[in-house]
2 protein chains.
Amino acid sequence: MTYIDQLKAYYERVTEECVSGLSLDCVIFGFHDTRLKVLLLKWKDTNEWSLPGGFIYKTESVDTAAGRVLRERTGLDQLFLQQFHLFGDAVRYDTDDTWQRLKMPMKYGVNWPDRTISMGYYALVDYTKVTPAVDFMSDECCWWDVADLPSLLYDHRHIIDVALKTLRLQLNWQPIGLNLMPEKFTIPELQRLYEAVLDRSLDARNFHKKITGLNILTRLDERRTGGAHKSPYLYQFDEVNYQKALINGSLNFV
Amino acid sequence: MTYIDQLKAYYERVTEECVSGLSLDCVIFGFHDTRLKVLLLKWKDTNEWSLPGGFIYKTESVDTAAGRVLRERTGLDQLFLQQFHLFGDAVRYDTDDTWQRLKMPMKYGVNWPDRTISMGYYALVDYTKVTPAVDFMSDECCWWDVADLPSLLYDHRHIIDVALKTLRLQLNWQPIGLNLMPEKFTIPELQRLYEAVLDRSLDARNFHKKITGLNILTRLDERRTGGAHKSPYLYQFDEVNYQKALINGSLNFV
DNA sequence: GCAAAAGTGTTGCAGATACACCCATGG
DNA sequence: CCATGGGTGTATCTGCAACACTTTTGC
């Protein structure tokens, strides 16, 4: 089966079995090397990047669809995806331009609507645990620095901007990190994450005081050695207390 | 044109001109007599209540559609409607039961989807400025106490619960009241609003200190007379500073 | 031994809470 | 004149921000 046949079959299936005119897009944040990253797919045989997105089966919950689409398109599973905005402008982007950039060999189909409304979801994942696997439509799936994104298809740049704004707001109320950090990490590493999300530097002493005061971290009897300089303690999240803190919304770093 | 003809024409038009399978519902909050209220419509010739909702034209922005739907169904205009959740469960409610309760004389039409996904919007309005006017599908439009709602159609009870939760969260970050209070009001009256939204009592002295400290109120040279007891000062919102406070998100009443 | 990062404690300030009394008004 | 609600100030506590020096490690 050629790529074009696959693509045709895919859009036929979507037209027949999915909710028409509604899609969803996932903004997946990761963290690596002091930088906040976002997961993007490159369309096959092009140099064009976009968010992993897809469609909702007619008998499927939209939230469930978000998890399935992400799994199918990137191999990522079991994420806590969160709704953040419905992108429903009458004209979201230049469709002709997008069409050209995608080098789409055919039109979608007769019943395809003129415009698509998209629900935005976001999630935070541990960069180290992820081995993205691409689907047939893409030939690369990689992490991009949010501060240094390529030109994106559709209105996906805007979608990422809104997701980032939501994430920063979220940070005022909820601890983040459980899903973004590796299992064991040092406090300065966690601080780098907060700094990357907030895009400003934090005071190390106050950060240490605050984060340990939340009782969501357990200090291990291990240190990170091998790096230069003083070796820091390793910590891990206390999942029970972490969940409690999430519910109370007891963290405020603004 | 009979009611049934009207209804048929309406659903034909929706099927043809609107986005299929996607609707929107508006939760309109008002405040009166120390109680938080929500605006509901009663379906013609039934005793069944629901939120004002409707559909999105194929070439219309979803946010714009929310404003139009609300205007068409209730006469309310120029509200600041805010997205709060997409209700997209595979089975949102018992369709047969709903159908029976609505006493629908006909099926919607051949191309009508089996399930509808709905975007929830909410808004806050000044109860006194509103003279709801019903559309042809409804024979009443009134305010109901959120603590004493009738049995609702669809999953609208759930939608109201989620809207309320969002409103309470909102209150932590943004001043509310400009849209919920009459032009002139007393501080104790405003306190009643906060108490109604938060569903708990607040200390009058601290409330006074906090709300006046925000510089969003202007004290007038008038007092409310006519009621029993000491006559309180009247205030009005300073709209410029109110907008500033909204942007900063500088209010925290939790 | 030296450069670089980790670890730690105190103080001041601002905002939140808790709390009690006098005042004005209508009935 | 009295019952009711309106108006006001103070003391305390808590949480955040600002700030500097010592320790450890690899090179």
Side-chain angles (χ1 to χ4, degrees), chain A residues 33-34 168 171-175 177 181 184-196 198 200-236 245 248-254, chain B residues 33-35 168 171-175 177 181-182 184-196 198 200-236 245 248-254:
Chain A
D33 193 24
T34 79
R168 288 187 177 130
L171 197 56
N172 302 323
W173 290 102
Q174 301 198 329
M181 298 300 287
K184 297 175 182 181
F185 53 88
T186 70
I187 292 196
E189 283 164 5
L190 185 61
Q191 185 180 336
R192 296 296 113 67
L193 165 62
Y194 274 83
E195 290 176 335
L198 293 174
R200 64 186 180 86
S201 62
L202 299 170
D203 181 278
R205 288 159 293 191
N206 293 332
F207 184 84
H208 189 281
K209 219 183 317 172
K210 179 133 191 178
I211 206 81
T212 52
L214 290 169
N215 287 323
I216 57 174
L217 297 182
T218 311
R219 185 158 103 173
L220 306 174
D221 281 334
E222 262 179 282
R223 286 152 173 267
R224 166 141 306 157
T225 53
H229 322 305
K230 183 168 180 176
S231 52
Y233 287 101
L234 285 169
Y235 287 78
Q236 62 187 18
N248 301 339
S250 53
L251 187 54
N252 191 335
F253 263 100
V254 166
Chain B
D33 194 23
T34 79
R35 308 299 239 156
R168 286 186 179 131
L171 197 57
N172 301 323
W173 290 101
Q174 301 198 331
M181 298 300 286
K184 297 175 184 183
F185 53 88
T186 70
I187 292 197
E189 282 164 5
L190 186 60
Q191 185 179 337
R192 296 296 114 68
L193 165 62
Y194 274 85
E195 290 176 336
L198 293 174
R200 65 188 179 85
S201 62
L202 299 169
D203 182 277
R205 290 159 291 195
N206 294 332
F207 184 84
H208 190 279
K209 219 183 317 173
K210 178 134 193 179
I211 205 81
T212 52
L214 291 169
N215 286 322
I216 57 173
L217 296 182
T218 311
R219 186 158 103 173
L220 306 174
D221 282 334
E222 265 179 280
R223 285 151 174 270
R224 165 139 310 156
T225 53
H229 322 308
K230 184 169 179 176
S231 51
Y233 287 101
L234 286 168
Y235 287 76
Q236 62 187 19
N248 301 342
S250 55
L251 186 56
N252 191 336
F253 264 99
V254 168

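Everything numeric here is computed off the predicted structure, so don't read it as measured data. Within every chain, numbering begins at 1; the chains are lettered A, B, ... in the order of the sequence lines, protein sequences first and strands thereafter.
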Original post:
Testing B:Thr218, B:Leu220, B:Ile187 for side chain to side chain contact (heavy atoms under 4.5 Å, CB included) with B:Leu234, which one passes?
Top reply: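 One option only clears the test, and that one is B:Leu220.
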Can you tell me how far apart [atom1] ([X]) and [atom2] ([Y]) are? Round to the nearest 0.5 Å.
| X | Y | atom1 | atom2 | result |
| --- | --- | --- | --- | --- |
| A:Lys210 | A:Thr212 | NZ | OG1 | 11.5 Å |
| A:Tyr235 | A:Thr186 | OH | OG1 | 9.0 Å |
| B:Phe207 | B:Gln191 | CZ | CD | 5.5 Å |
| A:His208 | A:Leu202 | NE2 | CG | 14.0 Å |

Measure the distance from [atom1] on [X] to [atom2] on [N] and round it to the nearest whole Å.
| X | N | atom1 | atom2 | result |
| --- | --- | --- | --- | --- |
| A:Phe207 | C:dA5 | CZ | C1' | 16 Å |
| A:Arg219 | C:dA6 | CZ | P | 14 Å |
| B:Leu214 | C:dG15 | CG | C1' | 12 Å |
| A:Glu222 | D:dT24 | CD | P | 19 Å |
| A:Leu198 | D:dA17 | CG | P | 11 Å |
| B:Ile211 | D:dT8 | CD1 | C1' | 17 Å |
| B:Ile187 | D:dT8 | CD1 | C1' | 11 Å |
| B:Leu190 | D:dG6 | CG | P | 13 Å |

**OP:** May I have the step-by-step check of salt bridge (charged side-chain N to carboxylate O under 4.0 Å, His left out) for A:Arg205 and A:Asp203, ending in yes or no?
**Re:** CA-CA 6 Å; A:Arg205 288 159 293 191; A:Asp203 181 278; 3.2 Å; yes
Original post:
Does B:Met181 reach the side chain of B:Leu190, with side-chain heavy atoms less than 4.5 Å apart?
Top reply: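 Result yes, sub-4.5 Å side-chain heavy-atom pair found.
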Subject >> Sugar-phosphate only, base, or nothing, as touched by A:Arg224 at under 4.0 Å among non-hydrogen atoms >> reply: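 It contacts nothing in the nucleic acid.
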Subject >> Contact under 4.0 Å: B:His208 side-chain N or O vs D:dG6 OP1/OP2 >> reply: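 For D:dG6, neither OP1 nor OP2 has a side-chain N or O of B:His208 closer than 4.0 Å.
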Original post:
Do any side-chain nitrogens or oxygens of A:Lys210 fall under 4.0 Å of OP1 or OP2 in D:dC16?
Top reply: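 Affirmative; the distance criterion is met.
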**OP:** At under 4.0 Å between heavy atoms, which parts of nucleotides 19-27 of chain C does protein reach? Answer with one letter per nucleotide, 5' to 3': B base, S sugar-phosphate only, - none.
**Re:** BB--BBBS-
Original post:
Of all the base pairs, Watson-Crick or G-U under 3.5 Å, which form stems of three or more consecutive pairs involving DNA chain D?
Top reply: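 So the stems come out as C:1-27 with D:1-27.
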Original post:
How close do A:Arg224 and A:Lys184 get, heavy atom to heavy atom, and via which atoms?
Top reply: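 Answer, listing the atom of A:Arg224 first, then A:Lys184: NH2-O, 3.9 Å.
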Original post:
Going by an N to O cut-off under 4.0 Å, is there a salt bridge joining A:Glu189 and A:Arg192?
Top reply: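 Looking at A:Arg192 together with A:Glu189, the answer is no, because their closest N to O distance does not fall below 4.0 Å.
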